[in-house]
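Before any comments, here is the structure.
Worth saying up front: this structure is predicted, and the values here are computed from it rather than measured. Order of listing sets the numbers, starting from 1, for every ligand and every atom in it.
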Amino acid sequence: HVPDRGIEELTSAPTKRMEDFCPNFDSFVSVPRHVADSDTCQAVMFMFDDLSLTKQYRIHRTTLARFVLLARKGYRDPPYHNWSHAFSVAHFTYLCLKNLRLENYLTPLEYFSFLVASLCHDIDHRGTNNSFENSSGSALSGLYSSEGSVLERHHFSQTVCILNREGCNVFENLSEKEYSAVLDIIRDIILATDLAHHLKIRKDIEAMVSQKKFDVHNQQHRYLLLCLLMTASDLSDQTKVWKNTRQVAKLIYQEFFSLGDKEKSLGKQPAEGMDRDKADIPQLQVNFLNIIAAPVYKAMEQIWPNECGVLCKQIERNISNWKTIRQKLENKEVEKTDRTIFEE
Ligand SMILES: Cc1nc2ccc(C(=O)N[C@]34C[C@H]5C[C@H](C[C@H](C5)C3)C4)cc2n2c(-c3ccccc3Cl)nnc12
Ligand SMILES: [Mg+2]
Ligand SMILES: [Zn+2]
């Protein structure tokens with residue numbers, strides 16, 4: 001049951017203008033985690049309106065409100081993979097749609113699906129990971145382990161359930177054919193958020209962006225671009241100011257270490273990055289940012305040098321900050337405690 005109070009508030013006249021949500025709301029320098037939790041659903045409605053999606057696809061306000069509220073309700077409350085993450089990912093997608101002129105790179109249905117998929121890409125996340133789902137023989141792995149990307153298939157399935165709910169389908173005015181195309185695009189985008197999948201295709205992405213060969217008529221090129229941009233949105237906390245990056249790392253390792261504790265209680269040895277007794281967080285983050293995150297935004301910079309330079313610069317600053325913390329720990333200048341790593 002969707003909270004009616006929410007629908008009333010969301011469908012009545014908007015109480016906030018863009019700048020009221022957070023400073024520079026439509027610029028890459030803005031920090032969506034600074035938007036008040038009580039304003040996030042209204043801010044999502046604003047994004048659909050501001051991108052003219054509400055008008056273009058004739059989405060009733062109550063339908064959009066119900067959809068956003070149900071998406072929010074679909075998220076649980078683990079330290080990181082919660083509604084705040086979903087909102088900040090959808091916000092980065094909005095920034096890309098708005099600042100990178102994606103109407104010139106994607107079809108209208110891909111453009112629309114990208115924002116919807118971003119909002120729903122982690123629905124019903126349990127704070128676990130695919131390796132845990134498979135090794136614990138969970139219900140989700142029973143359903144999806146033969147295809148892989150167990151969690152991501154579940155997030156997609158939950159998204160379809162929301163769209164099938166009475167009065168919640170933001171795609172209700174599309175034809176049968178368009179709706180089926182949209183579901184395929186949303187599935188591809190959500191499956192692309194499995195980092196193991198990203199690692200498999202990133203050579204193809206780099207080949208496409210390096211020779212400035214992007215061909216908007218090439219369906220495979222548009223698919224690779226959507227995968228790149230979705231991963232960029234999923235990791236976008238790393239392109240923000242250091243305090244945000246550091247705070248997010250704290251949440252991620254809270255989630256990782258709780259999972260590691262759970263694996264230990266099941267008599268399993270967690271991976272080093274999930275083991276609170278072994279993980280060297282500054283080192284792990286320097287590696288993650290250098291090997292996985294930075295190349296994502298460098299690939300974007302090859303297509304949009306003027307707009308994405310700021311993202312690459314901020315990632316470099318954040319890497320350098322992790323290196324400074326690592327150096328202090330190595331020099332034994334400071335104790336290796338959460339305070340040192342996450343608060344100083
Ligand atoms: C800051 C930051 N650090 C992160 C450090 C590590 C990993 C991580 O999953 N590593 C890998 C390392 C190899 C190859 C694959 C599969 C597994 C084996 C596990 C990935 C993710 C991290 N991450 C994410 C994120 C993105 C998508 C899903 C879940 C998450 Cl948590 N978003 N932000 C961050
Ligand atoms: Mg995910
Ligand atoms: Zn995510």
Taking [X] for the side chain and [Y] for the main chain, is one N or O donor matched with an acceptor at less than 3.5 Å?
X    : Y    : value
D215 : H221 : no
N99  : D26  : yes
K240 : F28  : yes
T324 : S320 : yes
T245 : D237 : yes

Review point. How wide is the angle at the Zn ion (ligand 3) between NE2 of H121 and OD2 of D122, to the nearest 10°?
Key: 80°
Please write down residue, atom name and distance for the protein heavy atom closest to [atom].
atom                    : result
atom 5 (C) of ligand 1  : F288 CD1, 3.4 Å
atom 12 (C) of ligand 1 : I292 CD1, 4.9 Å
atom 3 (N) of ligand 1  : Q285 NE2, 3.3 Å
atom 32 (N) of ligand 1 : L235 CD2, 3.5 Å
atom 14 (C) of ligand 1 : L199 CD1, 3.6 Å

Distance alone, cut at 3.5 Å: any donor-acceptor contact between the side chains of [X] and [Y]?
X    : Y    : value
R126 : H154 : yes
E133 : T128 : yes
T93  : S233 : yes
H85  : D234 : yes
D194 : S149 : yes
T239 : S236 : no
Q302 : S210 : no

Looking at [atom], would you say a protein heavy atom lies below 4.0 Å from it?
atom                    : result
atom 18 (C) of ligand 1 : no
atom 34 (C) of ligand 1 : yes
atom 22 (C) of ligand 1 : yes

Check your understanding: Given N318, L251, L284, L195, which has its nearest heavy atom closest to atom 26 (C) of ligand 1?
Key -> L195
Using a strict 4.0 Å cut-off to heavy atoms of [X], name the atoms of ligand 1 that fall inside it.
X    : answer
Q238 : 1 (C)
D234 : 27 (C)
H81  : 29 (C), 31 (Cl)

Review point. Of all the heavy atoms in E255, does at least one lie under 4.0 Å from an atom in ligand 1?
Key: no
Check your understanding: Counting only heavy atoms, which portion of N129 has something under 4.0 Å from ligand 1: side chain, backbone, both, or neither?
Key ->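 It is neither part, as no heavy atom is under 4.0 Å.
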Point to revise | Region of V248 that comes within reach of ligand 1 [heavy atoms, distance under 4.0 Å] | key: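 Contact part for V248 vs ligand 1: neither.
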Review point. Closest to the Mg ion (ligand 2), which N/O/S atom of D122 is it?
Key: OD1
**Study point:** Atom nearest to the Zn ion (ligand 3) - D234, N, O or S atoms considered
**Key:**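 Considering only N, O and S atoms, D234 comes nearest to the Zn ion (ligand 3) through OD1.
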Practice item. Could you tell me whether any N, O or S atom belonging to H85 is less than 2.8 Å from the Zn ion (ligand 3)? Key: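 Of the N, O and S atoms in H85, at least one lies under 2.8 Å from the Zn ion (ligand 3), which means yes.
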